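Proteins come first, then strands; the chains are lettered A, B, ... in the order of their sequence lines, and each starts at number 1. Since this is a predicted model, take the numbers as computed values, not measurements.
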Amino acid sequence: MDTNTNTTDTNNINDKVRVRIAPSPSGNLHIGTARTALFNYLFAKKTGGEYVLRIEDTDLDRSSETFKQNIFDSLKALGLNWDEGPDVGGKYGPYKQSERFDIYPKFAQMLIDKGYAYECFCSNEDLDKEHEIALQKKIPYKYSRKCLNLTKEQKDELKAKGIKPSIRFKVESKELVFNDLVKGELKFDTSLIGDFAIMKSNGTPTYNFAVVIDDMLMKITHVIRGEDHISNTPKQILIYEALGAPIPKFGHLGMILAPDRSKLSKRHGATAVSDFIKQGYLTEALLNFVALLGWAPSDGVEIKNVDEIAADFRINEISSSNSIFEYEKLNWMNGQYINKMDISKLTDLAIPFIDMYDLKKYSRPQLEHIIEVTREPITLLAQLENDVKYFFIEPNYTESPEILEILKNENSKKVLEKFLNEVKDYDFGNHEQIHDKLGDLRSYFKETLGLKPKETMWAIRTALTGRTKGADMVATIEILGKDEVIKRLNQALKV
RNA sequence: GCCCCCAUCGUCUAGAGGCCUAGGACAACACCCUUUCACGGUGUAGACAGCGAUUCGAAUUCGCUUGGGGGUACCA
């Protein structure tokens, strides 16, 4: 092995920071990709840099317009807006690799001319065979370099036969070292890397090549991505070197794992940001939660918005280990955000989760009131469907034996009769009055029947809502309105 | 197989040789508050993977082992 050591150092420190997020539209925006996007975004914000979105759709078969749209929508929903990208444009476009296909061959040719790359005529079958042999011999696979020294005549002959070559990068043996932003010094022995393809025989670039060319042309200064890319990094650095281009700084983030410690995938439930949103997670909570996977606030305050996180963000303090995605804390955090959120905004978000009910039954202020009084215990907007139900649909007392038992109780009936009798004179616009009257009722039954306050309230609650749990009683009474309250009391009394 | 990364409570983490009898958050449990349900408050339990080395002193440095993750394509 050649002992030539190469340490890649910072490119010009005076350059403005430019980072990018480069998703491949072969699936909806993954929560892990969202976190990578977040960290790039935070780094750009913190350093006053620029953040670009590039769509890596070189694999046309696996890429789709629907996924691309999902990625756009999800990123926007999260508020991770890009300074340059396919839709907004920018100085270094186009920002979709499929629209850049004419760019890559020139650079590939340049590398061939300079002796850094060569044409390879091996078929997939040839390559498969090499793989198999390596497997049998139990030695690590490396391309055989069969095509490295083909003469011009041989190449012409193969081309005449209609064989389209791929282009391989010639990997020289040396020790390659780079300083990772989050992991520190990383060393590789390039003699272990075989000559890898940079252009496919169909004329499109491979991932490793397209990334380098684009990052170079787009003047990306810092590449922050998942650690599943660590092993690509030496290959990419080799290409930068061959191109004579400045090498960006690399930072590799630990992965997000499922609770079973395997890669977070669909079988674990939601993985796409859009799935989480559909379940009733707030994008603010999602972002905050995912930021805490690997990053910790210096003041210990975990609930923070993106701007606050950005101000406190230091890339080199990110944890380099993987983290497991557990729902408990996300749920808790989501509940925090639900309860902090502006009620009008929250109502807008809540409507899609409760639109199976006749929402026209209530005015907008009443609807907001309903959300206001039901938001407290929930951690997911989807829970609203159940928690809000009795405001729209009359209770079915026979659904639960527990409810029936309460309503059939003699004391309960007395409570309901007295309440029914008095509620007719309640001023439903007067919250305080209802509150006080209920207090009087509790006192009365405590004195006369020895009922616990709880028992008095339960009778009323079950009659009005068919539940033993729910929103604040005074508010529930107010929202239901006098007619409805009387109607439900009469029905409950018949049980 | 080979290469690489990682390793503190169940989970997310603080911790950059003495401040650590290891701190916080979620979850759990207990109690308190209370007008039901909840919110909230207080408290309890709970971790430095193992072994060596360096050092007066190690969660913190080094090595090995073990465990987990990633990569090993004309996928990205």
Under 4.0 angstrom, heavy atoms only, what part of the nucleic acid is [X] near: base, sugar-phosphate, or nothing?
X: A:R168; answer: sugar-phosphate
X: A:S231; answer: sugar-phosphate
X: A:N331; answer: nothing
X: A:H131; answer: sugar-phosphate
X: A:E302; answer: base
X: A:P140; answer: base
X: A:S63; answer: nothing
X: A:G294; answer: sugar-phosphate
X: A:L135; answer: nothing
X: A:R261; answer: sugar-phosphate
X: A:K200; answer: base
X: A:T206; answer: sugar-phosphate
X: A:G254; answer: nothing
X: A:D472; answer: base

Give a yes or no on whether A:K446 atom NZ has more than 12 heavy-atom contacts from other residues, nucleotides or ligands under 6.0 Å away.
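12 or below, so no.
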
Heavy-atom count around A:K155 NZ within 6.0 Å, excluding the residue itself: above 12?
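Yes, enclosed.
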
Between the base of B:A27 and the side chain of A:K329, is one N or O donor paired with an acceptor at under 3.5 angstrom?
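Such a pair does not exist between side chain and base.
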
Base B:A76 paired with A:N208 side chain (donor-acceptor, <3.5 Å):
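No, the side chain and the base share no sub-3.5 Å donor-acceptor pair.
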
What distance, rounded to whole Å, do you find between the two [atom1] atoms, one in [N] and one in [M]?
N: B:G70; M: B:A14; atom1: C1'; result: 26 Å
N: B:C9; M: B:C5; atom1: P; result: 22 Å
N: B:C19; M: B:A25; atom1: C1'; result: 22 Å
N: B:A22; M: B:G46; atom1: C1'; result: 13 Å
N: B:A59; M: B:A47; atom1: C1'; result: 10 Å
N: B:G24; M: B:G15; atom1: C1'; result: 12 Å
N: B:C26; M: B:G43; atom1: P; result: 14 Å
N: B:A27; M: B:G1; atom1: P; result: 41 Å

What verdict does the side-chain contact (heavy atoms from CB on, under 4.5 Å) test give for A:R442 and A:I460, after you've listed the backbone C-alpha separation in whole Å, the side-chain angles of each residue and the deciding distance to 0.1 Å?
CA-CA 11 Å; A:R442 283 192 296 277; A:I460 297 172; over 6 Å; no

Between [options], which one does the side chain of [X] approach most closely?
X: A:K454; options: B:C37, B:G69, B:A76; result: B:C37
X: A:L292; options: B:C6, B:C12, B:C75; result: B:C12
X: A:Y141; options: B:G69, B:U36, B:A73; result: B:A73
X: A:S201; options: B:C74, B:G69, B:C75; result: B:C74
X: A:P377; options: B:A38, B:G69, B:U13; result: B:A38
X: A:R461; options: B:C74, B:U13, B:U36; result: B:U36
X: A:S321; options: B:U36, B:A7, B:G69; result: B:A7
X: A:F188; options: B:C4, B:U36, B:A76; result: B:C4

What is the distance, rounded to the nearest whole Å, between atom [atom1] of [X] and atom [atom2] of [N]?
X: A:M255; N: B:C6; atom1: CE; atom2: P; answer: 14 Å
X: A:N322; N: B:C12; atom1: CG; atom2: P; answer: 10 Å
X: A:I406; N: B:C37; atom1: CD1; atom2: P; answer: 11 Å
X: A:R375; N: B:C39; atom1: CZ; atom2: P; answer: 14 Å
X: A:N232; N: B:A73; atom1: CG; atom2: P; answer: 11 Å
X: A:E372; N: B:C37; atom1: CD; atom2: P; answer: 20 Å
X: A:L186; N: B:C6; atom1: CG; atom2: P; answer: 7 Å
X: A:W332; N: B:A25; atom1: CH2; atom2: P; answer: 9 Å

With RNA chain B as reference, determine whether A:I139 or A:M457 sits nearer its 5' end, using the nearest nucleotide of each.
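Of the two residues, A:I139 wins.
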
Closest-nucleotide 5' rank along RNA chain B - winner of A:E326 and A:L438
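It is A:E326, whose closest nucleotide lies nearer the 5' terminus.
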
For a quick test of reading the model, state the closest non-hydrogen atom pair linking A:P259 to A:E326 and the distance between them.
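Heavy atoms only, the tightest pair is CG-OE1, 3.9 Å.
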
Are any of the side-chain heavy atoms of A:L42 and A:W295 separated by less than 4.5 Å?
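With C-beta onward as the side chain, the pair stays apart.
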
Donor-acceptor side-chain pairing of A:D195 and A:Y118 below 3.5 angstrom:
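Yes, A:Y118 and A:D195 have a side-chain donor paired with an acceptor closer than 3.5 Å.
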
Watson-Crick or G-U wobble partner of [N], both distances under 3.5 Å:
N: B:C26; value: B:G10
N: B:C56; value: B:G18
N: B:C37; value: none
N: B:U72; value: B:G1
N: B:A47; value: none

Phosphate OP1/OP2 of [N]: any [X] side-chain N/O under 4.0 Å:
X: A:K235; N: B:A76; answer: no
X: A:Q236; N: B:A76; answer: no
X: A:S323; N: B:U13; answer: yes

Could you walk me through whether A:T206 and A:N208 pass the side chain to side chain donor-acceptor pair (under 3.5 Å) check?
CA-CA 6 Å; A:T206 62; A:N208 277 357; over 6 Å; no

Given the ring of A:Y390, does A:R467 sit roughly above its face, with NZ or CZ under 6.0 Å from the centre of the six-membered ring and within 45° of the axis?
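No, A:R467 and A:Y390 do not form such a contact.
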
Evaluate A:Y337 against A:Y281 for ring pair (Phe, Tyr, Trp, His ring centres under 6.0 Å), listing each step before the verdict.
CA-CA 9 Å; A:Y337 275 88; A:Y281 288 100; over 10 Å; no

Aromatic contact between A:Y240 and A:F178, with the criterion being ring centroids under 6.0 Å apart: yes or no?
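No, the ring of A:Y240 stays outside the 6.0 Å limit from the ring of A:F178, centre to centre.
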
Chi-angle category of B:C33 [syn within 90° of 0, anti beyond]:
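Classified anti.
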
